[in-house]
Amino acid sequence: MKSVEIISMGRYVPERIVTNNDLAKIVDTSDEWITTRTGIKERRIAADEEKTSDMAIKASQEAIIRGQFDPQEIDLIIVATTTADSAFPAMACLVQQAIGAKKAATFDIAAACSGFLYALTTAKQFLVSGMYKNALVVAADKMSKVMDWNDRATCVLFGDGAAAYLIQTTDKPNVGIVSDFMLGLGEYSDYMQIIAEEIKPLEQKNIMVRNPYVVMKGPELFKVAVNSMAEAVDIAAKKAGITLDQIACVIPHQANDRIIQAVAKKLGAPKEKVFVNIEKYGNMSAASVAIALYEAVESGAVKKGDYVALVVFGAGLVSAANIIKW
Ligand code: ACO
């Protein structure tokens, strides 16, 4: 069977940095509460006119330039997002247009914070089957536009960002994305939702409606998150035919540092093997693990030949894990 390798990557985060102290000026919270409960110190918030697609495009452009890759060679673009500029067109079409990938098929995937790994695994299937050779997988979320900025329990947790990866088939055996795992746990679908007022069909009166916003059952999510992420890594490692101690770096979804540490404990992974960047960004939904992988590679936490475990959970609930031989 063919293998699928990551051949290039890009990342984009907005310039605006919002610290915990900045948030304490708009909701009843404190740097001390946010830091001790979550590990977050600051997050990036997109400029008002900066859209999810703008971030997705900038990350994609970096991946293409870095990989010195001809966009005409891209067969497939998948964007993982739940904060698209609008329900349609797909963000993948906007990325395609901006980068000039004229021959690519394009669609989006909605799997909340698990979106990047769902998109990566989906793209991989098109490549392994032989249908396509090159794909661009993008994760982009502008969580700031779906926040209730009066709700201190949610608005302190999230941020905005994007990352993009070019992946390609290779005849080398057992390299690149060596195993995949995805699971839906629909029974927990009410733990985290974006809710919106319904507009009544054929009625023109309800023009003023509130923007959709996130509601969350934080403590309930916490428990399911820990169990589902630890289990996902375990299953993905078994599918890859490796033991947990062969994994050089675990890169988990960055929702809460306490969740990350609890997952690490369950896996028996020492602190230095677990990559954390939540303090700089908060939870950027689909983009979180994608940006964390980029930064883990850049910082030298992931080296050539290392086994890396990517693991996520998100609203749905949906969880996923991939083992990558870097
Ligand atoms: N500042 C100060 N106090 C706060 C804040 C805040 N920002 N938010 C909540 N509180 C208060 C609550 O009102 C509560 O007060 P009370 O005891 O007087 O009622 C108290 O702090 C404790 O609240 P808890 O919700 O019990 O706090 P907990 O320790 O569980 O931490 C948190 C909350 C951080 C949300 C945690 O439960 C968590 O991280 N859960 C998982 C969230 C998550 O992973 N979300 C995303 C997953 S899916 C995805 O990423 C798309």
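Residue numbers count from 1 along this sequence.
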Do side-chain atoms of Lys124 reach the backbone of Ile177 as a donor and acceptor pair under 3.5 angstrom?
yes
Does some side-chain heavy atom of Arg258 sit less than 4.5 Å from a side-chain heavy atom of Phe222?
yes
Any ion pair linking Glu295 and Lys280 (charged N to carboxylate O, less than 4.0 Å)?
yes
Using only heavy-atom distances, determine whether the side chains of Thr19 and Asp31 contain a donor-acceptor pair under 3.5 Å.
no
Connecting only ILVMFWY residues whose side-chain heavy atoms lie within less than 4.5 Å of each other, what is the rest of Val215's hydrophobic cluster?
Ile195, Tyr213
Within-4.5 Å side-chain heavy-atom neighbours: Val312 and Cys113
no
In chain order, what residues pass the salt bridge (Lys or Arg N to Asp or Glu O under 4.0 Å) check against Arg44, with sequence neighbours excluded?
none
Looking only at atom types and distance, does a side-chain atom of Glu62 sit under 3.5 Å from a main-chain N or O of Lys58, one as donor and one as acceptor?
no
Count I, L, V, M, F, W, Y as connected when their side-chain heavy atoms are under 4.5 Å apart, and connections chain through other members. Are Leu221 and Met229 then in the same cluster?
yes
Ring pair (Phe, Tyr, Trp, His ring centres under 6.0 Å) contacts in which one or both residues fall within residues 226-272, not counting sequence neighbours:
His253-Phe313
Which hydrophobic side chains are connected to Phe88, either touching it within the sub-4.5 Å cutoff or through other members that do?
none
Residues Asp160 and Arg43 bridged, charged N to O under 4.0 Å:
no
Is there a side-chain contact between Ser8 and Ile64, using heavy atoms and a 4.5 Å cut-off?
no
Which pairs would a plain distance check flag for residues 69-81, meaning a side-chain donor or acceptor within less than 3.5 Å of a matching protein atom at least two apart in sequence or in another chain?
from, atom 1, to, atom 2, distance (Å)
Asp70, OD1, Gln72, N, 3.0
Asp75, OD2, Lys133, N, 2.8
Asp75, OD2, Asn134, N, 2.8
Thr81, OG1, Thr83, N, 3.0
Thr81, OG1, Thr83, OG1, 3.4
Thr81, OG1, Ala140, O, 2.7
Thr81, OG1, Asp141, OD1, 3.1

Kindly give the heavy-atom pair with the smallest separation between Asp108 and Ala92, and that separation in Å.
OD1-N, 3.0 Å
I'd like to know if Glu5 pairs up with Lys172 as an ion pair, taking the criterion as any Lys NZ or Arg NE/NH1/NH2 lying under 4.0 Å from an Asp or Glu carboxylate oxygen.
yes
Using every non-hydrogen atom in the two residues, find where Ala119 and Ile109 come nearest and quote the distance to one decimal.
CA-CD1, 3.8 Å
Report all side-chain donor-acceptor pairs from residues 238-250 shorter than 3.5 Å, counting only partners two or more places apart or in another chain.
from, atom 1, to, atom 2, distance (Å)
Lys238, NZ, Asp234, OD2, 3.3
Lys239, NZ, Asp180, O, 2.7
Thr243, OG1, Asp245, OD1, 2.6
Thr243, OG1, Gln246, OE1, 3.3
Gln246, OE1, Thr243, N, 2.9

